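This structure is a prediction, so every number in the text was calculated from the model and none was measured.
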Amino acid sequence: MAFAATLSHPSSLQLSSSSINGERLSSSAVFMDASLNFSLSALSGRRVRFVQKNFTVVSKKLLGLEEAMRIRRERKLQTVTPFKRRPPLRRGKVSARLPVPDHIPKPPYLSSTLLPELSSEPQIHDSEGIARMKAACELAARVLDYAGTLVRPSVTTNEIDKAVHKMIIDAGAYPSPLGYGGFPKSVCTSVNECMCHGIPDSRQLQKGDIINIDVTVFLNGYHGDTSKTFFCGDVDDATKRLVKVTEECLERAISICKDGASFMKIGKKISEHAEKFGFGVVERFVGHGVGTVFHSEPIILHNQPILTLGSIECKTWDDNWTTLTVDGSPAAQFEHTILITRTGAEILTKC
C-alpha cells in the first residue's frame, strides 16, 4: 500500500507508516507550513483494516496538546526575535471569480458553498492512483515555480491569481481552492503577517514583503498540493532567517518520514529546530491526507511548519479565510506532498 499526504505552513504534519494487522504501509504525503494531506494506496490486492481509530485520534490530540503546552511554557522564557514592523496588512478589492471551461473535470465540493468536512478515512489508492497523484503534484510544482517568478514590487496578488488560474486550466486541470467552501480565488496568497488562506486582491506587493503562494491542482481526479514563501525585493535579515528556518523545518520533518515513523516525532523535529531560533510554531492548523479528496484523515498535529517571528496566536478577517498573527509579526510557510515508501519519503512536488 502507499500513503499520500501534504504538510503545510501554519499547522503541523504527522506521518506514520506503521504496521497494521501485520502489513507494512508505504505512503505519500505533502509537507506544508499549514496542513498535511495523506492518501493510502493498496498494493497486491491486499485489504487494510483500521482499528482503534477513535482511540488513536484522541491520543494524537492529547499528545499534541501536551507538546503545545510545553512549547508555550518555554516560549515565555525566550526573548522575542526583533523584527522590522511593516504597515499592517489591509484588505484590497477582490475581483470576480474566474471561469473554468466546461470540459475540465471539477471536484465534487463545488455543489455547495459550505466548507466540506474532513474525510474520516485515509484514502486507499492503487498503482494507477499513485501515478495520477504524481502527475497532479508535478503540475502543482511547476505552477508554484512559475508563480514565484511573478513576485516583485507593484504586482498585485490578483495578477498572480490570474496567471496561476490560466496555467492550471491550460493544463486541463482545475484550481482546487476555487469554490472550496466558497473560497473565491484559484490560489492562496498570504503576505507578511498572514499565516495562511490569504485571498488574492488588488493590494500591490511592496519591497520587503514576503508572500506564501499555496497552489493545489485537481488533475485526473487527484489533488496535488504545495506552497512556498517568496521574497519581494530586499527583505530584512530577521525575516530572511524566519523563512530559511521554516524551510529547514520542513526538510528535517521529511527526513525522518519512512515506513513505521510515528506522527509525534515529525512535530517534535519541527518544534525543536524552530525553538533553537526563538520562532513560534503555529498550533491552529494541521496536516492532513490528500488524494481524490482534498482533505482527509489522518490529522497531523504540530508537525507542519508555519513559523512566526512573534505570537502564534491568530485572528481571522470576516471573510472567514484570511488568518493573521495577532501582533502583526511575519509568518512563513512551506508545503510539499510526499510519498512514503518502504525505503523513505519521495517528494512529489519538488521541481
Side-chain angles (χ1 to χ4, degrees), residues 1-8 25-32 35-45 48 97-112 116 118-119 121-147 161 163-181 183 185-188 213-228 287-297 335-341 345-351:
M1 286 168 291
F3 230 167
T6 71
L7 270 184
S8 67
L25 302 183
S26 64
S27 61
S28 65
V30 178
F31 278 85
M32 309 180 289
S35 58
L36 165 63
N37 303 337
F38 283 104
S39 64
L40 266 173
S41 309
L43 303 181
S44 306
V48 178
R97 175 173 169 168
L98 296 171
V100 177
D102 291 340
H103 71 273
I104 292 179
K106 300 170 179 63
Y109 49 73
L110 298 184
S111 60
S112 172
L118 185 86
S119 179
E121 297 294 337
Q123 302 174 64
I124 308 291
H125 304 302
D126 56 17
S127 57
E128 181 182 354
I130 295 173
R132 292 189 179 193
M133 190 75 180
K134 288 183 176 182
C137 289
E138 188 273 336
L139 174 60
R142 284 195 290 111
V143 171
L144 179 61
D145 188 59
Y146 169 64
D161 178 75
V164 165
H165 181 89
K166 184 178 187 304
M167 185 173 180
I168 293 173
I169 64 172
D170 283 351
Y174 184 88
S176 302
L178 187 63
Y180 181 82
F183 192 83
K185 291 293 184 175
S186 298
V187 67
C188 295
I213 302 177
D214 190 346
V215 172
T216 309
V217 305
F218 184 66
L219 178 66
N220 295 325
Y222 286 77
H223 297 275
D225 192 357
T226 184
S227 82
K228 182 177 180 178
H288 59 89
V290 65
T292 57
V293 178
F294 199 168
H295 302 97
S296 75
E297 290 277 4
E335 302 176 74
H336 270 312
T337 298
I338 66 171
L339 176 70
I340 303 299
T341 68
E346 177 185 353
I347 301 174
L348 303 184
T349 47
K350 193 171 185 177
C351 282

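Nearest heavy atoms, Y174 versus P105: CB-O, 3.7 Å. Contact record, A173 with L219: CB-CD1, 3.9 Å, taken as the closest heavy-atom pair. Across all non-hydrogen atoms, the minimal contact from A140 to V215 is O-CG1, 3.9 Å. Considering all non-hydrogen atoms of both residues, V187 and D161 come closest at N-OD1, 3.3 Å.
Of the inter-residue distances, the one linking L339 atom CG with T349 atom OG1 reads 11.5 Å to the nearest 0.5 angstrom. The OG atom of S296 sits 10.0 Å away from the NE2 atom of H223 when rounded to the nearest 0.5 Å. The CG atom of L110 sits 7.0 Å away from atom CG of L178, with the distance rounded to the nearest 0.5 Å. Expressed to the nearest 0.5 Å, how far CG of N220 lies from CE of M133 amounts to 13.0 Å. Expressed to the nearest 0.5 Å, how far OG1 of T292 lies from CZ of F218 amounts to 8.0 Å. Note: E297 CD to S119 OG = 8.0 Å, rounded to the nearest 0.5 Å.
Salt-bridge annotation for R132 and E128: present, with a side-chain N of the basic residue lying under 4.0 Å from a carboxylate O of the acidic one.
Shown here are the side chain to side chain donor-acceptor pair (under 3.5 Å) partners of Y109, two or more places apart in sequence or in another chain: there are none. Partners of Y222 by ring-ring contact (aromatic ring centres under 6.0 Å, His included), not counting sequence neighbours, listed by chain and number: H125.
A donor-acceptor distance shorter than 3.5 angstrom exists from the side chain of H165 to the backbone of P99, with no hydrogens or angles considered. A donor-acceptor pair under 3.5 Å links the side-chain atoms of K106 to the main chain of I104, judged by distance alone.
The shortest distance between side-chain heavy atoms of P116 and Y180 falls below 4.5 Å. Looking only at side-chain heavy atoms (C-beta outward), K350 and T226 stay at 4.5 Å or farther from each other.
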TODO: Check the pair D214, S227 against side chain to side chain donor-acceptor pair (under 3.5 Å), reporting the backbone distance first and the verdict last.
DONE: CA-CA 4 Å; D214 190 346; S227 82; 4.7 Å; no
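Applying the side chain to side chain contact (heavy atoms under 4.5 Å, CB included) test between P177 and each of T216, V164, V217 identifies T216 as the sole match.
Sorted by first and then second residue, the salt bridge (Lys or Arg N to Asp or Glu O under 4.0 Å) pairs involving residues 168-179 (not counting sequence neighbours) are K166-D170.
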